[in-house]
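What follows is a set of notes on a single structure, which appears directly below.
Proteins get letters first, then strands, A, B, ... in listed order; numbering begins at 1 in each. Just so you know, these numbers use all the heavy atoms, side chains as well, and skip hydrogens, waters and symmetry mates. A quick note: this is a predicted structure, and the numbers were derived from the prediction, not measured.
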2 protein chains.
Amino acid sequence: MKEASNKFVVTCRQCSLNALCFPYSLTFDEMDEVDDVVKRGKPLQRGQELFTTGQEFTSLYAVRSGAIKAYNIDENGDEQVIGFFLPGEILGLDAIDTQKHVSSAKALETTAICEITFSQVQELSLKIRNLQTHMYRILSREIREDQELQMLLGKKTAEERIGSFLMNLSLRYEQRSLSSTRFRLPMARTDIGNYLGLAVETVSRVFTRLQNSKVLRVEGKEVEILDRNYLSKIANNDCPNIQSASVK
Amino acid sequence: MKEASNKFVVTCRQCSLNALCFPYSLTFDEMDEVDDVVKRGKPLQRGQELFTTGQEFTSLYAVRSGAIKAYNIDENGDEQVIGFFLPGEILGLDAIDTQKHVSSAKALETTAICEITFSQVQELSLKIRNLQTHMYRILSREIREDQELQMLLGKKTAEERIGSFLMNLSLRYEQRSLSSTRFRLPMARTDIGNYLGLAVETVSRVFTRLQNSKVLRVEGKEVEILDRNYLSKIANNDCPNIQSASVK
DNA sequence: TGGAGAATTTGACCTGGATCATTGTTGATG
DNA sequence: CATCAACAATGATCCAGGTCAAATTCTCCA
């Protein structure tokens, strides 16, 4: 059995996130093969960039702890937030086609990352059928989730957007065996607004409104969901079976 | 050399779209292997559905001719258009993860389709390295394009959305060796509005406005782009290098 | 521990695009 | 080729959420 060479380094096999991350549905032996090509650098500090637009694409990245914001800068210099990545989630998938990063990624807090060279993913996934299957699924899931966001941005009101956003985070924390009703938002209000296509002020106002109607308790970045039913109701104006599919 | 068994059936090798479609960057022999597992049914009539939400996922589909609209119905019964697919483009990618279709697809006009069972894609892509690479790229491109749409929906004004939409179609027609300045919109105004997060009326108004300012000539579904510069300018509030990457 | 700058909240006001209503157009079908 | 239903255009009105301004609260160093 493979051991970590350094007792502070966690192997894929030992990692609590392996069911969410690359090694999903691999055998222990296969997991060790993946493990061999995973690089674990020192953690990123808050605000530090993992990669930026235009940079050559070589690797995919998995978040081990912390949180990452993916974004784009348009030619007016405005930022557009594309997504947030939590532990076990994988970044860089949008660059496989162009071989250049088409977005930037920055740590929202101290964040540990696993890096895996894409050419090694390609090699391994020719050999390990389960890895290929899993890669297809990861990519497909990303597409599905992006489409859900499109529905949100195309149709929903400010309150529905915030509701969907919070429900989405809640479900993701739940998958990670964290509280689904009390958590800390790793991103600023500006980022939330930007991501959801709303002004910061609107985000603030919706938060206070939801707080007044006893749906939430908000204290800075700490959020407690008091009425998950209501939140789920305003969130689920999208296709219901998508929702149930993403609940484990 | 492989021949079509029926002279009316076009093999991948003969297909003018093969550079855009599954067989991209395959050798002729590899192309024939793909060809063997491609099913070519009879064309869909306008309005006919290729698959619907909830249906079991078995295959990916490539458009051979015509056009397909992908959409979702939310629980209020409202439609949300997710995308439009032109010849050479591939549908069904969003269902790989869940193994159920999470959207529906319907022909906007008489449309010929190639079907390829996903399990056969998986098998073949273990054997044919180029096919695996290409599948990763197709999936990645879809993610990138969805993210571009997110930027559009999150930030842009009505005019910018229509401009981006038309430029995007223009580039796609160009790739297919069709005119990039004169083409027929296969979809209704309602679909355009729905896709772009705008009311139909707004789509109409922007069309007439752009017509008055000599940027377009619109006649029903026929569009002529008169001032491609202007269109490209209002469209490109997104990251410029994405644009250049998608131009061949 | 203080204090500067950033982030957040709140209020007042305004506008782009939604909605509603009506009319004109088109194209499919008997 | 007349008819009807879906589609498209245009005008009038309205409002959700944007923008601007200002007050308040965090946060993180020195």
Side-chain angles (χ1 to χ4, degrees), chain A residues 45-48 69 76 78-81 106-110 152-165 184-213 216-223 234 237, chain B residues 45-48 67 69 76 78-81 106-110 152-166 184-213 216-223 234 237:
Chain A
Q45 293 308 304
R46 178 176 177 15
Q48 207 179 332
K69 164 175 88 169
N76 310 327
D78 295 337
E79 182 173 308
Q80 165 76 40
V81 175
K106 156 182 297 192
L108 290 167
E109 56 195 48
T110 306
L152 181 151
L153 293 171
K155 275 232 166 44
K156 297 189 180 177
T157 65
E159 190 168 297
E160 288 168 342
R161 292 178 198 212
I162 302 275
S164 304
F165 177 70
R184 193 184 148 74
L185 300 171
M187 71 295 284
R189 300 285 191 273
T190 325
D191 292 329
I192 298 177
N194 190 313
Y195 177 62
L196 297 175
L198 298 171
V200 209
E201 294 92 327
T202 306
V203 176
S204 252
R205 279 188 255 268
V206 171
F207 271 8
T208 40
R209 208 185 310 150
L210 289 174
Q211 182 150 232
N212 290 340
S213 50
L216 297 179
R217 215 173 47 73
V218 187
E219 233 182 282
K221 310 225 169 206
E222 295 293 333
V223 173
I234 62 169
N237 273 17
Chain B
Q45 292 307 304
R46 179 175 175 16
Q48 208 180 331
K69 167 176 86 170
N76 310 327
D78 295 337
E79 182 174 307
Q80 164 77 40
V81 175
K106 153 181 303 190
L108 290 168
E109 56 195 48
T110 306
L152 180 151
L153 293 171
K155 276 233 163 48
K156 297 187 182 179
T157 65
E159 189 167 309
E160 287 168 342
R161 291 178 199 211
I162 301 277
S164 303
F165 177 71
L166 290 174
R184 193 184 148 73
L185 302 171
M187 70 296 282
R189 300 283 191 276
T190 325
D191 293 330
I192 299 177
N194 190 312
Y195 177 62
L196 297 175
L198 298 172
V200 208
E201 294 92 327
T202 306
V203 177
S204 255
R205 278 188 253 268
V206 172
F207 271 8
T208 39
R209 209 185 309 151
L210 289 175
Q211 182 151 232
N212 291 339
S213 51
L216 296 181
R217 214 173 47 75
V218 187
E219 232 181 283
K221 310 224 170 207
E222 296 293 333
V223 174
I234 62 170
N237 272 16

With a 4.5 Å cut-off on side-chain heavy atoms, are [Y] and [X] touching?
X: Ile162(A); Y: Leu198(A); answer: yes
X: Arg217(B); Y: Val223(B); answer: no
X: Val218(B); Y: Leu210(B); answer: no
X: Asp191(A); Y: Glu79(A); answer: yes
X: Ile234(A); Y: Glu159(A); answer: yes

Side-chain donor or acceptor of [X] paired with backbone N/O of [Y] under 3.5 Å:
X: Gln211(B); Y: Thr208(B); result: no
X: Arg189(A); Y: Ser204(A); result: no
X: Arg161(B); Y: Leu153(B); result: yes

Between [atom2] of [N] and [atom1] of [X], the distance in whole Å:
X: Lys155(B); N: dG17(D); atom1: NZ; atom2: C1'; answer: 16 Å
X: Ile162(A); N: dT9(C); atom1: CD1; atom2: P; answer: 11 Å
X: Gln211(A); N: dT8(C); atom1: CD; atom2: P; answer: 15 Å
X: Glu159(B); N: dA18(C); atom1: CD; atom2: P; answer: 14 Å
X: Glu219(A); N: dT9(C); atom1: CD; atom2: C1'; answer: 15 Å
X: Leu185(B); N: dA9(D); atom1: CG; atom2: P; answer: 10 Å
X: Phe207(B); N: dA8(D); atom1: CZ; atom2: P; answer: 10 Å
X: Glu109(A); N: dT27(D); atom1: CD; atom2: C1'; answer: 15 Å

Q) Counting only side-chain N and O atoms of Lys221(B), is one of them less than 4.0 Å from OP1 or OP2 of dT26(C)? A)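 Negative; the distance criterion is not met.
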Q) Between Thr208(A) and dT10(C), does any side-chain N or O lie under 4.0 Å from OP1 or OP2? A)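 The answer is yes; a side-chain N or O of Thr208(A) sits under 4.0 Å from OP1 or OP2.
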Q. Between Arg46(B) and Thr202(B), which has a closest nucleotide on DNA chain D that is more 5'?
A.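 The residue whose closest nucleotide sits nearer the 5' end is Arg46(B).
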Q.
Can you work out whether Val203(A) or Thr157(B) has the more 5'-proximal nearest nucleotide on DNA chain C?
A.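 Its nearest nucleotide being more 5', the pick is Val203(A).
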Q) Can you find a donor-acceptor N/O pair under 3.5 angstrom joining the side chain of Arg205(B) to the base of dT19(C)? A)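 For Arg205(B), whose side chain was compared with the base of dT19(C), there is a donor-acceptor pair (under 3.5 Å).
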Q: Note the angle between the end axes of the helix from dT1(C)-dA30(D) to dG30(C)-dC1(D), five pairs defining each, rounded to 10 degrees.
A: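 Axis angle across the helix from dT1(C)-dA30(D) to dG30(C)-dC1(D), nearest 10°: 50°.
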Q) Any side-chain donor paired with an acceptor under 3.5 Å for Lys155(A) and Gln80(B)? A)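 Yes, because at least one side-chain N or O of Lys155(A) sits under 3.5 Å from a partner of the opposite role on Gln80(B).
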Q: For DNA chain C, determine which residues of residues 190-201 of chain B have any heavy atom closer than 4.0 angstrom to one of its atoms, and list them numerically.
A: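 Of all residues in residues 190-201 of chain B, the ones placing a heavy atom under 4.0 Å from DNA chain C are Gly197(B), Leu198(B), Ala199(B), Glu201(B).
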